Amino acid sequence: MIKIIELTKENEEQYLGQIAELEQTVIKAMEEEGREGQLFATGKEDISEYIRSEGKTVMVATDEQDQVKATTYITQGQRPFTYNDITKYFKCGDRYQEYVKSQYPSQEEYKKDLIAIYEIKIQAYRYAKGKIERERKVTLGVPLKQAFEKEVEENGFHEKSELREKLNEYMSEYIIENFGENIQTKYEQFYWCTSADIAREFGRDIQRLSDDFQEYDEIIEQSKLTIHESPQFSEQQYYTANTENAIELDTYITSPNNRSAGLARIIVFEGIKNHIERCFKNPNNQDVFLCSTLHRDNLSSKYVSEFFGLTDSLYVKRRQGRDREVHICRIEREQAMDYIASISNKLAVLYGYNPTGKHISDKTAIRVLKEQLEYEHKEYNRLQTARTTDRNFKGINVKFIGSKLEKVERLRQQIKQLNAKRREEIGEQ
């Protein structure tokens with residue numbers, strides 16, 4: 001009997017060691033399968049920080065002996081434009097700025113805000129710069145500009161850069177402490193704009209009053225990500241995403257011996273269900289966004305993400321390490337309860353997870369099985385094609401191809417049995 005538990009500061013010590021051990025077990029198993037570098041250990045201290053942080057959730061699945069068999073970390077409500085902020089993939093570039101411009105009654109009003117917010121961002125940069133340099137003075141004694149240039153040379157000022165995180169944090173801190181919601185929203189909308197964007201809009205360069213302008217522009221340019229492939233969906237539907245209404249499926253791992261039990265899907269569901277319900281307690285929230293960032297060849301994570309409807313994806317060039325795919329979906333307030341009920345039905349039918357004992361009709365079960373059969377069959381065909389045409393897939397997907405074929409056959413048999421049962425019941429009537 002599997003039990004799902006949300007960790008708190010009261011019970012964390014009971015499970016922290018087991019979670020850290022599970023991370024190492026999973027990493028070792030992935031390396032043996034040739035999937036090295038697809039998962040990095042979070043560690044006990046960082047897991048504990050997750051547990052104690054507002055807006056973050058850690059869930060575990062335990063067996064009859066109270067042994068951890070799976071865990072997930074869910075994140076929501078992060079600081080604006082931090083490493084895990086999904087909005088950086090969409091609220092950046094010419095298309096987004098054209099959208100922002102379209103929200104203004106006139107071009108003059110747009111230009112006015114473009115300059116005004118840029119100047120406010122410079123103020124925020126000066127505040128952050130001063131705070132960082134004061135913090136670093138004792139240990140490093142290096143000006144921010146020099147530290148930035150060093151990081152660019154060494155690692156491309158990557159997403160996990162401590163300097164980058166501090167800049168984001170302190171600039172946001174300045175904006176929140178000194179301006180109201182209107183300016184905070186505009187700060188987000190114009191976050192990636194530089195003096196070059198202003199120059200293009202006005203047809204002339206703007207006057208640089210100090211070196212801070214140039215430093216800030218250089219940092220923003222180095223912070224941008226590259227999207228490899230054109231999106232096959234409308235990006236505009238994600239322009240209202242922010243760190244408050246975005247729920248990130250940060251990490252989900254299961255014991256290598258329990259992957260077929262649906263544990264990752266079960267614990268992720270319990271986590272995001274809580275976050276969705278919490279998000280819509282705020283009457284101002286009209287949407288919630290689910291996001292997961294993963295390696296393109298990490299099929300296990302792909303299948304978990306797509307199970308929850310995260311089917312829109314961007315292939316993104318990382319500044320350090322392997323490139324990633326970000327998977328995302330949008331759920332409107334009016335759809336939220338139906339979404340939760342739909343996932344609950346899938347878990348009950350496919351994995352027998354039905355903690356509330358809700359009645360699942362044969363008609364519903366057949367529909368769920370048919371939808372899953374269609375998905376598994378398409379994925380089987382995709383992997384067969386990739387096996388012969390895409391060298392990046394190597395030989396690791398042979399295992400997934402075989403398992404997909406087995407699932408297709410098993411689902412067909414389940415549908416056949418349920419249809420036969422329904423015919424018998426109709427005949428008896």
Side-chain angles (χ1 to χ4, degrees), residues 1-30 38-79 82-86 159-160 162 165-166 169 243-259 261-279 281 288 290-294 298 300-301 304-305 308 340 343-344 347 351 353 355-356:
M1 182 68 178
I2 290 293
K3 184 165 60 173
I4 309 300
I5 302 168
E6 180 176 351
L7 298 196
T8 65
K9 62 181 180 180
E10 284 75 26
N11 66 9
E12 66 174 271
E13 283 302 322
Q14 186 175 351
Y15 300 105
L16 273 179
Q18 292 190 55
I19 297 174
E21 185 177 337
L22 177 61
E23 286 186 334
Q24 295 301 322
T25 299
V26 172
I27 289 172
K28 182 179 179 181
M30 294 175 77
Q38 292 186 13
L39 175 68
F40 298 95
T42 304
K44 291 176 64 174
E45 290 185 4
D46 288 337
I47 297 169
S48 179
E49 184 180 335
Y50 258 76
I51 293 168
R52 295 164 181 266
S53 298
E54 184 179 354
K56 297 182 180 179
T57 299
V58 178
M59 309 285 295
V60 296
T62 63
D63 63 12
E64 294 86 348
Q65 287 75 44
D66 208 28
Q67 296 298 300
V68 173
K69 297 300 179 182
T71 187
T72 187
Y73 319 138
I74 310 291
T75 302
Q76 186 179 2
Q78 295 176 295
R79 295 185 299 272
T82 55
Y83 163 65
N84 286 321
D85 180 10
I86 64 170
E159 286 89 340
K160 289 191 175 181
E162 181 183 352
E165 285 286 298
K166 288 294 184 183
E169 178 185 354
T243 50
E244 292 302 318
N245 61 20
I247 301 169
E248 184 184 5
L249 318 186
D250 196 344
T251 298
Y252 34 91
I253 57 175
T254 61
S255 170
N257 299 323
N258 291 84
R259 287 179 182 169
L263 288 182
R265 292 163 178 80
I266 291 168
I267 58 173
V268 167
F269 171 67
E270 292 295 349
I272 65 175
K273 180 176 69 172
N274 292 345
H275 279 269
I276 289 173
E277 291 171 349
R278 187 189 311 163
C279 181
K281 284 181 180 178
V288 69
L290 304 183
C291 169
S292 178
T293 304
L294 48 99
N298 187 342
S300 296
S301 292
V304 172
S305 296
F308 291 99
I340 290 173
I343 300 297
S344 177
L347 290 171
Y351 302 108
Y353 180 70
T356 62

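In this text, all values refer to a predicted model and were calculated from it rather than measured experimentally.
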Closest approach of [X] to [Y] (non-hydrogen atoms, all atoms of both residues):
X	Y	answer
Val288	Ile276	CG1-CG1, 4.3 Å
Leu263	Ala70	CB-CB, 3.9 Å
Val26	Pro256	CG2-CD, 4.4 Å
Thr57	His275	OG1-NE2, 2.7 Å
Arg278	Gly55	NH1-CA, 4.0 Å
Arg265	Phe308	O-CZ, 3.2 Å

With a cut-off of 6.0 Å (strictly less than), are more than 12 heavy atoms of other residues, nucleotides or ligands near [atom1] of [X]?
X	atom1	value
Gln65	CD	yes
Glu45	CD	no
Glu10	CD	yes

- Tyr351 and Ile2: CA distance, side-chain angles, deciding distance, side-chain contact (heavy atoms from CB on, under 4.5 Å) verdict: CA-CA 12 Å; Tyr351 302 108; Ile2 290 293; over 6 Å; no

- Task: Decide side-chain contact (heavy atoms from CB on, under 4.5 Å) for Glu277 and Ile340; before the verdict, give the C-alpha distance in whole Å, the side-chain angles of both, and the deciding distance to 0.1 Å.
- Result: CA-CA 10 Å; Glu277 291 171 349; Ile340 290 173; 4.3 Å; yes

- Message: Measuring only between side-chain heavy atoms, which start at C-beta, is Asp66 closer than 4.5 Å to Gln14?
- Response: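 Touching, per the 4.5 Å side-chain cut-off.
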
Looking only at atom types and distance, does a side-chain atom of [X] sit under 3.5 Å from a main-chain N or O of [Y], one as donor and one as acceptor?
X	Y	value
Thr71	Met59	yes
Asn274	Gly271	no
Glu23	Thr42	yes
Ser48	Lys44	no
Thr72	Thr251	yes

- Task: Start with the C-alpha gap between Lys9 and Glu12, add the side-chain angles, then the distance that decides, and say whether salt bridge (charged side-chain N to carboxylate O under 4.0 Å, His left out) holds.
- Result: CA-CA 5 Å; Lys9 62 181 180 180; Glu12 66 174 271; over 6 Å; no

- Task: Check each of Val58, Asp250, Leu290, Leu249 against Ile74 using the side-chain contact (heavy atoms from CB on, under 4.5 Å) test, and report the only one that passes.
- Result: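 Only one of Val58, Asp250, Leu290, Leu249 forms a side-chain contact (heavy atoms from CB on, under 4.5 Å) with Ile74, namely Leu249.
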
- With no hydrogens and no angle check, do the side chains of Tyr252 and Ser305 hold a donor and an acceptor under 3.5 Å apart?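 There is such a pair between these side chains.
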
- Task: Let me see the working for Leu7 and Ile19 under side-chain contact (heavy atoms from CB on, under 4.5 Å), right down to the final yes or no.
- Result: CA-CA 11 Å; Leu7 298 196; Ile19 297 174; 3.5 Å; yes

